[in-house]
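Structure first, commentary second.
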Amino acid sequence: MNQIFHADFQIGDELNGQVHLVTGATRGIGEALCWSLARAGATVLMLGRDEQALEALYDAIMAESLPEPVIIPIDLETLTLDAAEELAGMIDEHFGKLNGLIHNAGILGSRTPVSQIKSKEWEQVQRVNVDAVLYLTQGLMPLLETTPHATLILTSSGVGAKARAYWGAYAVSKFAVEGLAQLLAEELENTSTTRVFCVDPGATRTAMRAAAYPGETPEDNPTPEALMPFYLWLLSRESESHRGQRVKARM
Ligand SMILES: NC(=O)c1ccc[n+]([C@@H]2O[C@H](COP(=O)([O-])OP(=O)(O)OC[C@H]3O[C@@H](n4cnc5c(N)ncnc54)[C@H](OP(=O)(O)O)[C@@H]3O)[C@@H](O)[C@H]2O)c1
């Protein structure tokens, strides 16, 4: 991609008053997204499975007098299309729009040879990393489509573009995410103002990265906060000449 993103990009008031849903809001990149969007004046719908962590984040955002976020306690492992449609109905009723849907939640599973992948873990990883992305997209797409210039972000990984030995269920799930993003981008290209991106955050200093590379010095990788100008740029009209692309987050 010919990215016209500058590391010193700063969001103006464009996202002020918008509504964005972030999955995996409780920590890592998702938590940083919640803060950045709230600081940009957006109402953040914070989806996570750890209700206590969501409440703590809600309190912290409110303590800074930012727009009141919304807690959405959902375990993506068991999400159904019916539940996603019900959520869409609630968002529509309260806000009447959805400017951005950021599929960020993900689980790593264990690194293991293909011959050793356990079916239970395989299913769990595909349910969280792929099935939930599909159902949430299906449920929320009508609302995104009626919101002018909405953005849909799916989250991949380096191993979603080029497999790496022993990355098992996670790598396959990210290949599926890349395929889903390409399908959505093609289908919406000429029919919708909703832009689709497949983001590879790259090595980022989070719990997932630490679990994947226990021998690494965490400080060698950028923090989630360092990626935020890039995400805000994608969500803003500043990037409107881009759509349907796989993008690597850059600082
Ligand atoms: N960090 C990296 O270097 C890197 C590199 C490439 C791609 N990525 C991708 O970037 C995304 C964010 O990664 P991260 O590093 O920020 O990961 P992280 O620190 O492990 O955070 C993952 C988030 O997903 C949530 N989550 C996991 N399972 C869930 C479920 N069943 N229902 C609801 N929420 C669930 C977690 O909630 P809990 O707190 O409840 O567990 C947490 O909020 C992931 O899709 C990951 O694959 C990360």
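On a predicted model such as this, the values are computed, not experimentally measured, just so you know. Atoms within each ligand, like the ligands themselves, are counted from 1 in listed order. Positions are given from 1 along the sequence.
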**ligand 1-proximal atoms of Ala203, by part, heavy-atom distance under 4.0 Å** = backbone
**Complete:** In this structure, atom 20 (O) of ligand 1 is nearest to the protein heavy atom Arg27 NH1, 2.9 Å
**Request:** Could you pull out the closest heavy-atom pair between Leu234 and Ser239, with the gap in Å?
**Result:** O-OG, 3.1 Å
**Single hit among Asn99, Ile11, Leu37 for side-chain contact (heavy atoms from CB on, under 4.5 Å) with Leu235** = Leu37
**Message:** List ligand 1 atoms under 4.0 Å from Ala207, heavy atoms only on the residue side.
**Reply:** 19 (O)
**Message:** I'd like to know if the side chain of Glu121 and the backbone of Ala169 have a donor-acceptor N/O pair within less than 3.5 Å.
**Reply:** no
**Message:** As an exercise, identify every atom of ligand 1 less than 4.0 angstrom from a heavy atom of Gly106.
**Reply:** 22 (C), 24 (O), 27 (C), 45 (O)
**Prompt:** Near Gly24, which atoms of ligand 1 are under 4.0 Å from a heavy atom of that residue?
**Reply:** 23 (C), 24 (O), 25 (C), 43 (O)
**Prompt:** Atom SG in Cys34, atom CG in Asn104: separation rounded to 0.5 Å?
**Reply:** 8.5 Å
**Close N or O approach (Ser157, ligand 1; < 3.5 Å)** = no
**Message:** For atom 26 (N) of ligand 1, what's the nearest protein heavy-atom neighbour? Residue, atom name and distance, please.
**Reply:** Ala105 CB, 4.0 Å
**Message:** Using a 4.0 Å cut-off to any heavy atom of Glu77, which atoms of ligand 1 qualify?
**Reply:** 31 (N)
**Message:** How about CD on Glu64, more than 12 heavy atoms from neighbouring residues, nucleotides or ligands closer than 6.0 Å, or not?
**Reply:** yes
**Request:** Take atom OH of Tyr166 as the centre, draw a 6.0 Å sphere, and report whether it contains more than 12 heavy atoms from other residues, nucleotides or ligands.
**Result:** no
**Message:** Are the side chains of Val196 and Leu154 in contact, using a 4.5 Å heavy-atom criterion?
**Reply:** yes
**Item:** Glu219 atom CD, over 12 foreign heavy atoms within 6.0 Å
**Value:** yes
Show every donor-acceptor pair shorter than 3.5 Å between a side-chain atom in residues 135-152 and any protein atom, with sequence neighbours excluded, or say none if there are none.
| unit_1 | atom_1 | unit_2 | atom_2 | d |
| --- | --- | --- | --- | --- |
| Thr137 | OG1 | His103 | NE2 | 2.8 |
| Thr137 | OG1 | Val133 | O | 2.6 |
| Glu145 | OE1 | Ser192 | OG | 2.4 |
| Thr146 | OG1 | Pro142 | O | 3.2 |
| Thr146 | OG1 | Leu143 | O | 3.1 |
| Thr147 | OG1 | Leu98 | N | 3.0 |
| Thr147 | OG1 | Leu98 | O | 3.4 |
| Thr147 | OG1 | Leu143 | O | 2.8 |

**Asked** When you measure from the side chain of Arg243 to the backbone N and O of Leu188, does any donor-acceptor pair fall under 3.5 Å?
**Response** yes
**Asked** Hey, does Ala212 sit under 4.0 Å from ligand 1 if you only count heavy atoms?
**Response** no
**Prompt:** When you measure from atom 6 (C) of ligand 1 to every protein heavy atom, which one gives the shortest distance, and what is it?
**Reply:** Pro201 CD, 3.8 Å
**Atoms of ligand 1, numbered as shown, that sit under 4.0 Å from any heavy atom of Gly28** = 16 (O), 19 (O)
**Prompt:** Which residue owns the protein heavy atom closest to atom 31 (N) of ligand 1, what's the atom, and how far is it?
**Reply:** Asp75 OD1, 2.8 Å
**Heteroatom proximity flag, Gly48 to ligand 1, N/O under 3.5 Å** = no
**Asked** Are there more than 12 heavy atoms of other residues, nucleotides or ligands under 6.0 Å from atom CD of Glu186?
**Response** no
**Prompt:** Can you find a pair of side-chain heavy atoms, one from Leu87 and one from Met90, that are under 4.5 Å apart?
**Reply:** yes
**Message:** Minimum distance, heavy atoms only, to atom 12 (C) of ligand 1: which one of Thr204, Leu76, Leu54, Asn104 is it?
**Reply:** Asn104
**Request:** Return the residue, atom name and 0.1 Å-rounded distance of the protein heavy atom closest to atom 17 (O) of ligand 1.
**Result:** Met208 CB, 3.5 Å
**Prompt:** Can you check whether Tyr170 has an N/O within less than 3.5 Å of an N/O in ligand 1?
**Reply:** yes
**Message:** Please work out, at 4.0 Å between heavy atoms, whether the side chain, the backbone, both, or neither of Ala53 comes within that distance of ligand 1.
**Reply:** neither
**Message:** Applying a heavy-atom cut-off of 4.0 Å, say which part of Val128 lies close to ligand 1: side chain, backbone, both or neither.
**Reply:** side chain
**Message:** Rounded to the nearest 0.5 Å, what separates atom CD1 in Ile102 from atom CG in Leu47?
**Reply:** 12.0 Å
**Fill in**
re atom 15 (O) of ligand 1, the protein heavy-atom contact at minimum distance is Thr206 OG1, 2.5 Å
**Prompt:** Counting each atom of ligand 1 from 1 as listed, which ones have a heavy atom of Ile107 under 4.0 Å away?
**Reply:** 27 (C), 28 (N)
**Asked** With a 4.0 Å cut-off on heavy atoms, is Ile74 touching ligand 1?
**Response** yes
**Asked** So which protein heavy atom does atom 5 (C) of ligand 1 come closest to, and at what separation?
**Response** Gly202 O, 3.4 Å
**Prompt:** How long is the gap from CD on Glu225 to CG on Leu33, to the nearest 0.5 Å?
**Reply:** 10.0 Å
**Request:** Tell me which part of Thr26 gets within contact of ligand 1: side chain, backbone, both or neither, using heavy atoms under 4.0 Å.
**Result:** both
**Asked** Mind checking whether Ser156 has a heavy atom under 4.0 Å from ligand 1?
**Response** yes
**Item:** All pairs passing side-chain hydrogen bond (donor to acceptor under 3.5 Å, both in side chains) where residues 26-35 contributes a residue, at least two apart
**Value:** none
**Message:** Heavy-atom distances under 4.0 Å decide this one: backbone, side chain, both or neither, for Lys174 against ligand 1?
**Reply:** side chain
**Prompt:** Who's the nearest protein heavy-atom neighbour of atom 10 (O) of ligand 1, and how far?
**Reply:** Thr155 CG2, 3.4 Å
